[in-house]
Asks: 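The structure's right below; bear with me while I get my questions together.
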Amino acid sequence: MAETVADTRRLITKPQNLNDAYGPPSNFLEIDVSNPQTVGVGRGRFTTYEIRVKTNLPIFKLKESTVRRRYSDSEWLRSELERESKVVVPPLPGKAFLRQLPFRGDDGIFDDNFIEERKQGLEQFINKVAGHPLAQNERCLHMFLQDEIIDKSYTPSKIRHA
Amino acid sequence: MSFFGFGQSVEVEILLNDAESRKRAEHKTEDGKKEKYFLFYDGETVSGKVSLALKNPNKRLEHQGIKIEFIGQIELYYDRGNHHEFVSLVKDLARPGEISQSQAFDFEFTHVEKPYESYTGQNVKLRYFLRATISRRLNDVVKEMDIVVHTLSTYPELNSSIKMEVGIEDCLHIEFEYNKSKYHLKDVIVGKIYFLLVRIKIKHMEIDIIKRETTGTGPNVYHENDTIAKYEIMDGAPVRGESIPIRLFLAGYELTPTMRDINKKFSVRYYLNLVLIDEEERRYFKQQEVVLWRKGDIVRKSMSHQAAIASQRFEGTASLGGR
């Protein structure tokens, strides 16, 4: 006696709207970290990086934005996210304590190679964080990416889709 | 398994009367090996003979009694000393005396109740076996023979599909559907995933079959999860309005029927885990329980008469088996 053949027919599905099929995807989020510049003189010098956001996600107020940030700003962002959200926040590129000591053979924290490594590390960090659905709800992330100046005395809050 | 002392004078064998016609089924042992055992169903009679062969025909064997037992027991690995016997039948074969020549003793356990399926798991084992014992003053001679029991069910009366909309607000909304909630062990899971909203960058999607073995009661409950299968159903990024089909054949995997609160000692339940993985290796998942059941084979002429009765018992009854 033959075994009955299993019914493996697909379930009924709705045909896809052609606009949805061939339109631009609604998950476009690109963040570039570029153009490092050292500002200031003497011991007060620091390096800033240009952070450019291009997106079509509705949770971001601006579809395109550019800000300049320094390394300690991303340290601030990381600690805010760890405290306020349940996200396991990825690590930042190194703090480079040794490079800040005097009497080095190279340029310390203003060394070109070091700045390039740090720039790439920051780009990885910010892309990982900005794509996280829970991190996207945090005010601190939007302030970091799209506000001209970071107000460190802000009130932490959650962003809801406008 | 048999226990042979040093210089054992007698060899004990347990033989079944229907050994020729009875089917054998593969069952995993505790150390993972697959072995074949005689297959029995609930209600079937277990009959055969215990044969004693004297090694030295001139030496008599003095004994305090010979008996055969049919045992169904649950063994928790963390509590090996305590076996929980839920079936225990005994037949005396010989009163205390002497065996002067090799001989065989017939036995029959009629219409034995075998309420649960044989199961060998990570933390618990449920087994059925025959045990022949020759009692002696110093040490008994014991011979055990394991059998395998399958519990059969028939097509459930109610077998609704599973259909749900889940997601993360404003980021990802999907509607998943599985054609049934109860599947037999050789069945096919037919389903689909429909994407309503996709605002994250998905890399791929898979369906996992998870087996959860629960042992212990009250505060000492222990769950052991085991991923039996991982099956990729989508590679690449979907957009809104796309439907991804699922067709997962269960026959290829080592599955047992769902076992709920067996003798109040353990449970074995199965879950389908739908997993989406995004570009940053973040995992989004939705777990859903499915009930697995064992379908009786089509009655064939070569099957023993009793196994045929056991299968036929379930035809016409519309309930899902298992206690």
Side-chain angles (χ1 to χ4, degrees), chain A residues 1-31 54-61 63 85-91 123-138 141-142 158-162, chain B residues 155 161-163 167-173 175-180 183-203 236-251 276 278-284 295 297-303:
Chain A
M1 267 192 252
E3 278 277 331
T4 51
V5 178
D7 185 0
T8 57
R9 289 173 301 172
R10 289 190 186 187
L11 300 180
I12 299 170
T13 61
K14 279 185 276 225
Q16 190 179 23
N17 184 336
L18 285 181
N19 208 15
D20 288 339
Y22 293 104
S26 37
N27 59 2
F28 178 64
L29 173 64
E30 248 170 50
I31 304 180
K54 287 205 188 112
T55 183
N56 66 357
L57 296 181
I59 193 113
F60 288 99
K61 213 158 57 157
K63 297 309 152 210
S85 78
K86 296 200 193 107
V87 174
V88 173
V89 193
E123 192 172 83
Q124 274 184 24
F125 169 79
I126 195 60
N127 273 293
K128 277 211 179 103
V129 168
H132 196 303
L134 291 181
Q136 282 170 4
N137 290 334
E138 295 296 328
L141 177 69
H142 293 269
K158 304 274 188 259
I159 306 251
R160 288 232 49 208
H161 176 32
Chain B
Y155 281 99
S161 66
I162 300 171
K163 190 166 178 173
I168 299 169
E169 202 169 331
D170 298 328
C171 287
L172 174 70
H173 288 187
E175 185 190 80
F176 71 88
E177 186 179 343
Y178 304 128
N179 62 333
K180 306 183 208 175
Y183 292 94
H184 63 81
L185 300 183
K186 305 267 183 282
D187 216 334
V188 189
I189 298 177
V190 172
K192 73 175 207 286
I193 311 294
Y194 178 73
F195 287 90
L196 292 152
L197 181 73
V198 188
R199 291 207 182 114
I200 57 173
K201 299 187 194 183
I202 297 174
K203 198 163 65 161
V239 292
R240 181 171 56 200
E242 272 196 74
S243 260
I244 304 298
I246 299 168
R247 193 178 297 125
L248 181 53
F249 288 82
L250 294 177
L276 291 97
D278 75 10
E279 301 261 318
E280 300 293 350
E281 305 296 326
R282 283 179 285 254
R283 299 164 70 88
Y284 308 79
K295 189 157 77 97
D297 283 337
I298 296 165
V299 178
R300 290 178 220 274
K301 282 208 187 116
S302 58
M303 261 172 102

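Chain letters run A, B, ... following the sequence lines, proteins first, then strands; residues in each count from 1.
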Asks: Under 3.5 Å, side chain of A:Asn27 to main-chain N/O of B:Ile200, donor-acceptor pair present?
Replies: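 It does hold such a pair.
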
Asks: Decide yes or no on side chain to side chain contact (heavy atoms under 4.5 Å, CB included) for B:Glu280 and A:His132, but give the supporting numbers first.
Replies: CA-CA 9 Å; B:Glu280 300 293 350; A:His132 196 303; over 6 Å; no

Asks: Once rounded to the nearest 0.5 Å, what's the spacing between atom CD of B:Glu242 and atom CG of A:Asp20?
Replies: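 Here the rounded value is 9.5 Å.
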
Asks: Once you round to the nearest 0.5 Å, how far does CD of A:Gln16 lie from CZ of B:Phe195?
Replies: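 Here the interatomic distance stands at 11.0 Å.
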
Asks: Take atom CZ of B:Arg240 as the centre, draw a 6.0 Å sphere, and report whether it contains more than 12 heavy atoms from other residues, nucleotides or ligands.
Replies: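 Open.
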
Asks: Working to the nearest 0.5 angstrom, can you tell me the gap between B:Asp170 CG and A:Leu57 CG?
Replies: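 B:Asp170 CG to A:Leu57 CG: 10.5 Å, rounded to 0.5 Å.
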
Asks: Could you measure the distance from the SG atom of B:Cys171 to the CG atom of A:Leu134? Nearest 0.5 Å is fine.
Replies: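 With rounding to 0.5 Å, SG (B:Cys171) is 8.0 Å from CG (A:Leu134).
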
Asks: Could you give the distance from CG (A:Leu29) to CZ (B:Arg199), rounded to the nearest 0.5 Å?
Replies: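 The distance works out to 12.5 Å.
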
Asks: Side chain to side chain contact (heavy atoms under 4.5 Å, CB included) between A:Asp7 and B:Val188: does it pass, once the steps are laid out?
Replies: CA-CA 8 Å; A:Asp7 185 0; B:Val188 189; over 6 Å; no

Asks: Is the backbone N or O of B:Leu197 less than 3.5 Å from a side-chain atom of A:Ser26, with the two atoms forming a donor-acceptor pair by type?
Replies: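 Checking the backbone N and O of B:Leu197 against the side chain of A:Ser26, no donor-acceptor pair under 3.5 Å is found.
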
Asks: Around atom NZ of A:Lys61, are there more than 12 heavy atoms of other residues, nucleotides or ligands at under 6.0 Å?
Replies: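 Result for NZ/A:Lys61: open.
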
Asks: Could you tell me which non-hydrogen atom of A:Pro25 sits nearest to which non-hydrogen atom of B:Val239, and how far apart they are?
Replies: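 Shortest heavy-atom contact: CB-CG1, 4.5 Å.
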
Asks: Name the region of B:Val190, side chain, backbone, both or neither, that has any atom closer than 4.5 Å to a heavy atom of chain A.
Replies: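 Both parts, backbone and side chain.
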
Asks: Given a strict heavy-atom distance threshold of 4.5 Å, which part of A:Ile12 is in contact with chain B: side chain, backbone, both, or neither?
Replies: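 It is the backbone, since no side chain atom gets that close.
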
Asks: From A:Thr8 OG1 over to B:Phe249 CZ, what is the distance, rounded to the nearest 0.5 angstrom?
Replies: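 Taking OG1 in A:Thr8 and CZ in B:Phe249, the distance rounds to 5.0 Å.
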
Asks: Please lay out, stage by stage, how A:Arg10 and B:Lys192 fare under the test side chain to side chain contact (heavy atoms under 4.5 Å, CB included).
Replies: CA-CA 8 Å; A:Arg10 289 190 186 187; B:Lys192 73 175 207 286; over 6 Å; no

Asks: Heavy-atom cut-off 4.5 Å, strictly under: side chain, backbone, both or neither for B:Arg247 against chain A?
Replies: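 Looking at B:Arg247, just its side chain touches chain A.
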
Asks: Name the region of B:Glu279, side chain, backbone, both or neither, that has any atom closer than 4.5 Å to a heavy atom of chain A.
Replies: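 No part of B:Glu279 comes within 4.5 Å of chain A.
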
Asks: Hey, is the main chain of B:Ser243 close enough, under 3.5 Å, to the side chain of A:Lys14 for a donor-acceptor pair?
Replies: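 No; judged by distance alone, with no hydrogens or angles, the pair does not exist.
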
